[in-house]
Amino acid sequence: MNNSHIPSKNKFFYFLQKVRKLLDSQSDDDILAFVHPDNKENENNSGEEEESSLKMKVIVSVIFFLGMRQKHVLYQYTMLSAIETSLTQGLSPYTASTFCSWGMTEMVLFGNVDRACRLAKLAQ
């Protein structure tokens, strides 16, 4: 079985540190105020989803699929990718579930209750 699609430990932990620094460098208010311009314009247009929302919808669907298939490393890596996308390109309606899921991961795998609580507050 070929596992070339699974990121190495070094790549995973580098990406983890990168996303954590991105999270830690911004206040909660700054993060919550950073809604992608496509989503701001269409808040009242219920029928249209812009590219950023569709991108996050696809990423969240992949996260769900990987979780169901018990592909733990890819699941976590994809979740980090979704958080990085949200923090660099703006929040979308699908960001909250990603923050909540990563908060659980931070608490269970890394024992970081403070970061988990922060992510839970951001997900509200």
Side-chain angles (χ1 to χ4, degrees):
M1 183 173 185
N2 186 0
N3 289 330
S4 62
H5 59 282
I6 298 175
S8 67
K9 281 185 181 180
N10 289 340
K11 186 174 181 180
F12 176 79
F13 282 110
Y14 171 77
F15 196 42
L16 174 65
Q17 291 301 86
K18 179 181 174 185
V19 172
R20 281 180 171 173
K21 284 180 185 176
L22 195 56
L23 259 174
D24 293 343
S25 69
Q26 301 177 41
S27 71
D28 291 356
D29 292 335
D30 290 341
I31 292 171
L32 293 175
F34 187 44
V35 176
H36 194 279
D38 290 345
N39 294 326
K40 279 185 184 176
E41 293 171 5
N42 292 317
E43 282 176 345
N44 298 326
N45 299 343
S46 58
E48 276 187 51
E49 285 186 295
E50 290 298 322
E51 185 177 334
S52 65
S53 289
L54 289 173
K55 184 178 185 178
M56 282 300 294
K57 187 175 184 178
V58 168
I59 292 173
V60 169
S61 297
V62 169
I63 290 169
F64 178 75
F65 173 78
L66 291 171
M68 295 298 292
R69 300 280 298 178
Q70 297 183 0
K71 304 289 185 184
H72 303 295
V73 175
L74 287 175
Y75 170 81
Q76 293 163 1
Y77 195 81
T78 307
M79 204 176 329
L80 283 171
S81 178
I83 292 172
E84 180 189 41
T85 300
S86 295
L87 294 175
T88 57
Q89 296 181 13
L91 303 182
S92 81
Y94 305 98
T95 301
S97 62
T98 307
F99 281 161
C100 187
S101 297
W102 187 252
M104 290 186 293
T105 302
E106 281 283 352
M107 187 170 62
V108 172
L109 289 183
F110 303 111
N112 195 331
V113 177
D114 293 337
R115 187 172 278 122
C117 289
R118 180 177 183 216
L119 288 164
K121 288 178 187 175
L122 288 170
Q124 291 180 347

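Scope of the values below: all heavy atoms of this structure, side chains included, with no hydrogens, waters or symmetry mates. Please read these numbers as outputs of a predicted model, since none were measured by experiment.
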TODO: State whether Lys121 and Asp28 are salt-bridged, where the test is any N-O pair (Lys NZ or Arg NE/NH1/NH2 against Asp/Glu carboxylate O) under 4.0 Å.
DONE: no
Task: Value rounded to 0.5 Å, distance of OG in Ser97 from CE in Met79 - done: 9.5 Å
- [ ] With rounding to the nearest 0.5 Å, note down the distance linking CG in Leu119 to CE in Met107.
- [x] 11.0 Å
TODO: Kindly work out whether a path of hydrophobic side-chain contacts (I/L/V/M/F/W/Y, heavy atoms less than 4.5 Å apart) joins Phe64 to Val62.
DONE: no
- [ ] Check the pair Lys9, Lys11 against side-chain contact (heavy atoms from CB on, under 4.5 Å), reporting the backbone distance first and the verdict last.
- [x] CA-CA 5 Å; Lys9 281 185 181 180; Lys11 186 174 181 180; over 6 Å; no
- [ ] State, to 0.1 Å, how close Leu66 and Thr78 come at their nearest heavy-atom pair, and which atoms those are.
- [x] CD1-OG1, 3.4 Å
Task: Cationic N near anionic O, under 4.0 Å, Arg20 to Glu106 - done: yes
Open item on the list: Given 3.5 Å as the limit, does a donor-acceptor pair link the side chain of Thr95 with the main chain of Leu91, or not?
Closed with: no
Task: Euclidean distance, Trp102 CH2 relative to Leu23 CG, rounded to 0.5 Å - done: 10.0 Å
- [ ] Decide whether Val113 and Leu109 are clustered together by the hydrophobic rule: side chain heavy atoms of Ile, Leu, Val, Met, Phe, Trp, Tyr closer than 4.5 Å, transitively.
- [x] no
Open item on the list: Less than 4.5 Å apart, side chain to side chain, heavy atoms only: is that true for Thr85 and Ser92?
Closed with: no
- [ ] Look up atom CG in Leu87 and atom CG in Asp30, then write down how far apart they are to the nearest 0.5 Å.
- [x] 11.0 Å
Open item on the list: Please find the pair of heavy atoms, one from Phe12 and one from Val73, that lie closest to each other, and give the distance.
Closed with: CE1-O, 4.5 Å
Open item on the list: Could you report the tightest heavy-atom contact between Tyr75 and Ser101, atom names first, then the distance?
Closed with: OH-CB, 4.2 Å
Open item on the list: Please report the interatomic distance OG(Ser25) to CD1(Ile31), rounded to the nearest 0.5 Å.
Closed with: 7.5 Å
Open item on the list: Do Leu122 and Met104 sit in one hydrophobic cluster, given that two such residues count as connected whenever their side-chain heavy atoms are within less than 4.5 Å of each other, even indirectly?
Closed with: no
Open item on the list: Under the criterion side-chain contact (heavy atoms from CB on, under 4.5 Å), I'd like the reasoning laid out for His72 against Thr105: C-alpha separation, chi angles, the key distance, then a yes or no.
Closed with: CA-CA 11 Å; His72 303 295; Thr105 302; over 6 Å; no
Task: Nearest non-hydrogen partners of Phe99 and Ala123, listed with the distance - done: CB-CB, 4.0 Å
Task: Note, Lys55 side chain near Gln89 side chain (heavy atom, < 4.5 Å) - done: yes
Task: Smallest separation among heavy atoms of Ile83 and Thr98, with atom names - done: CG1-CG2, 3.5 Å
Open item on the list: Quick check for you: to the nearest 0.5 Å, what is the distance between Gln26 atom CD and Leu22 atom CG?
Closed with: 5.0 Å
Open item on the list: Would you say that more than 12 heavy atoms from the other residues, nucleotides or ligands in this model lie under 6.0 Å from the CD of Gln17, or not?
Closed with: yes
TODO: Group every Ile, Leu, Val, Met, Phe, Trp and Tyr by side-chain heavy-atom contacts under 4.5 Å, then state whether Ile63 and Met68 land in the same group.
DONE: no
Open item on the list: Quick check: is Phe110 connected to Tyr14 through a chain of hydrophobic side chains (ILVMFWY, heavy atoms under 4.5 Å apart)?
Closed with: no
- [ ] With sequence neighbours left out, write down each residue that passes ring pair (Phe, Tyr, Trp, His ring centres under 6.0 Å) with Phe15, or none if nothing qualifies.
- [x] Tyr77
Open item on the list: Which heavy atom of Ser86 sits nearest to which heavy atom of Met56, and what is that distance?
Closed with: OG-CE, 3.4 Å
